[in-house]
Amino acid sequence: MEEEKKHRHTISVLVDNEAGVLARVIGLFAGRGYNIESLTVAEVDEIEHLSRITIVTSGTPMVVEQIKAQLDRLVPVHAVGDLNMSGPHIERELALIKVSGSGDARVESLRIADIFRARVVDSTTKSFVFEMTGSAEKLNAFIALMKPLGLVEVARAGVVAISRGVDST
Amino acid sequence: MQRMIGTQIILQALVDQGVEVIFGYPGGAVLPIYDEIFKQNRLRHILVRQEAGAVHAAEGYARSTGRVGTVLVTSGPGATNAVTGLADAFMDSTPLVCLTGQVATHMIGNDAFQEADTVGITRPCTKHNYLVKDVDDLARVMHEAFFVARSGRPGPVVVDLPKDIQLAEGTYTPSDNSTHRTYCPRVEGDSVQVERAVDLISNASRPIIYAGGGVVNSGPRASELLVELVNMTGYPVTTTVMGLGSYPGTDAKCLGMLGMHGTYEANLAMAHCDVMVAVGARFDDRVTGRLDAFSKGSKKIHIDIDPSSINKNVPVDVPIIGDVGNVLGQINTLLKQRLSNSDPRKLDQWWERIEEWRSRNCLAYQKSDSVIKPQFALERLYQHIKDLDVYITTEVGQHQMWAAQFLKFDAPNRWMTSGGLGTMGYGLPAAMGAQIAHPSSLVIDVAGEASVLMNIQELSTIVQYRLPVKVFILNNEYMGMVRQWQEILHGGRYAESYVDALPDFVKLAESFGAVGLRAEKPAEVDAVIEEMLNLDRPVIVDCRVDKKENCFPMIPSGAAHYDMILGLDDESPEGTDQGLALV
Ligand SMILES: Cc1ncc(C[n+]2csc(CCOP(=O)(O)OP(=O)(O)O)c2C)c(N)n1
Ligand SMILES: [Mg+2]
């Protein structure tokens, strides 16, 4: 069989927010050998007890179709959307980035943060914590620039995504 | 709406779901449920000897009736013993509800006595599972479990029941059996795809229908529609091991089973067809052989209720998601209008080729007057039972494949075997379950001597309930299928495949209170089969067969359909290194 190209897909899964639902989704990926590049989950409807799980994965078209079909047949799953297949969409990620330093490096980190529209959410005389949202690439670029300036650690929330326009994802 | 104790809710839900029989084994965490069972007579409880036996029995019950099989086991080891059966039912899409006891909710996670993370352990081998933590969810969960088990592609569902929930008072709500908030499988085929399928079907010149267990699961109506489709089109049919009986096996249009030990004609027809109609089958590796060589030139139509079965292993041209019965109905309706003006001779050439392949007589074997050939034993068995009301189960191994080759099934739900998981020890308890469901029918487990020992304890259950189950052991003293692979792929080094120190099966039967019979020479086979059939009691037949017979045809793992081995003298088989790594 000819080697098919792998593509990155952002998949949005609306689920009942019940015990074990995340384990089901993760177990499915682990058990069937699909990869997870990023995963986020949070309740999005308190009254209906719905959560949205956003998964970034990659695979050949056949594998990605298989992933979606496998997700869709889980009992607590309401809907599976593939944002790469359903028109334009927006992806965002949040990161908290701690940088420590003094003198020029400290000033430089603040200057770059300003360019990237990262906000300072904590500061000591020796450190900053920046908060930043954006695409994963933008976050990666900022983190790379912080490395030589005293990057201490990073916490990232993973990708969340939603489709553009009036229709639901 | 009624106030009840948890255990009463459980029993009421079972009764409301139409459950008549439950297979189980007691223990601390389910004692309250057993107490409730003791007080009633609406449900019949069958006490097995090991929890795996309960699950396989429920599978036999389910597969032979089309209903949901029900199981009750205790927490910890009770639940873990049930796992093999659940995995088996999951692979073969068998509807089950398995109730497991659990330690009290406040003890969960504390490594309490007989605690196991049952929902964690069974998550990947069930269609769905529940841990009930609030007694007011209990009725809903019980009803949902049955809905999920039987709807769409059927499968096993576990309901884990902490002991305190069993004893708490809650509200009983009757079931609303028809819908579910999230789980609503599609049952009607998309009309555009159906139209495309009908186009392909009516223009095919080398067609084949490849029918699987989904036809059986859909119900007898699906089999009737399949027969109607074949009558209209004159197409050849081949079935998977799970699909045997979904189309009449004695009909001339039936090419028998396909796949690793399928017939020459079935596999070659699959390899050379121009239109393949896959009906409730899943392109399993035992069927396709080497994927990149699988039926390359054909257009493929795939009808299946489970969208994840479609395009999983083999890309298809016309996917139709829906219940096989419904979709076949849609296809037949359209075809009736189309075919009236088609040429009835159009398939003659294709059938000529098929008949040529068929004339290879691929199931032929070396006859013998001195040793019983396993194929001969099954041929004789078939001659005695073919007009009877009979249900067959099998264990796993060569005997299973010979049974699939030599016994013919003209109706669905008559043949029960562990196809997907290949579970040795399935056949005896499954026969027990089938016999419970059909007390006056003949039920035979075609067994291997190694497999049958894996759940032999269930003979005790069979005797206790006076079930006249027949166990027909093709005793070759080897794990024959393992020995065959070792002969063909591992240079004849028979590592640990000889089953030494076997019991005397006649005495074993007698010690359990069953009847034991033995056949050692071909001339004895008929008499022993007759005696077995005339006994209205459980019987074990120890049929001593050729120890080194191989099951052919065989497509070695990783080989293409056209690389079939018909017999060892016929061609020297070539294993590939890649093939060696395959199961
Ligand atoms: C539980 C389990 N363990 C191991 C196997 C691997 N296996 C497949 S067939 C077989 C041998 C079966 O021997 P027997 O029951 O005597 O049947 P025969 O092949 O001799 O007819 C084995 C060990 C299996 N299928 N199931
Ligand atoms: Mg054997």
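Each chain gets a letter, A, B and so on, in the order its sequence line appears, and its residues count up from 1. Bear in mind the structure is a predicted one, so any value in this text is a computation, not a measurement. These values consider heavy atoms only, across backbone and side chains, with no hydrogens, waters or symmetry-generated copies.
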Quick check: does any side chain N or O of Asn217(B) sit under 3.5 Å from a backbone N or O of Thr94(B), one acting as donor and the other as acceptor? no
Examine the side chains of Arg52(A) and Ser12(A) and answer whether a donor and an acceptor come within less than 3.5 Å of each other. yes
Ranked by heavy-atom pairs below 4.5 Å to chain B, first place among His78(A), Arg73(A), Lys68(A) goes to Arg73(A)
Region of Val77(A) that comes under 4.5 Å of a non-hydrogen atom in chain B: backbone
Does any backbone or side-chain atom of Asp306(B) lie under 4.5 Å from a heavy atom of chain A? Answer side chain, backbone, both or neither. side chain
Report which part of Val157(B) has an atom under 4.5 Å of a heavy atom belonging to chain A: side chain, backbone, both, or neither. neither
Of Ala79(A), Ala23(A), Gly31(A), the largest count of non-hydrogen pairs under 4.5 angstrom with chain B goes to Ala23(A)
Contacting region of Leu131(B) [heavy-atom separation from chain A under 4.5 Å]: neither
Under 4.5 Å from a heavy atom of chain B, the part of Asp72(A) involved: neither
Under 3.5 Å donor-acceptor, Asn129(B) side chain and Val119(B) backbone: yes
Given salt bridge (Lys or Arg N to Asp or Glu O under 4.0 Å), test Lys133(B) with Glu18(A) step by step and report yes or no. CA-CA 12 Å; Lys133(B) 285 181 149 174; Glu18(A) 61 180 33; over 6 Å; no
In this structure, CG of Asn84(A) is separated from NE2 of His89(A) (nearest 0.5 Å) by 5.0 Å
Should the ring pair His180(B) and Phe147(B) be called parallel, tilted or perpendicular, given that the plane angle runs from 0 to 90° and is split at 30 and 60? parallel
Interchain contact, Gln70(A) with chain B, by part (heavy-atom threshold 4.5 Å): both
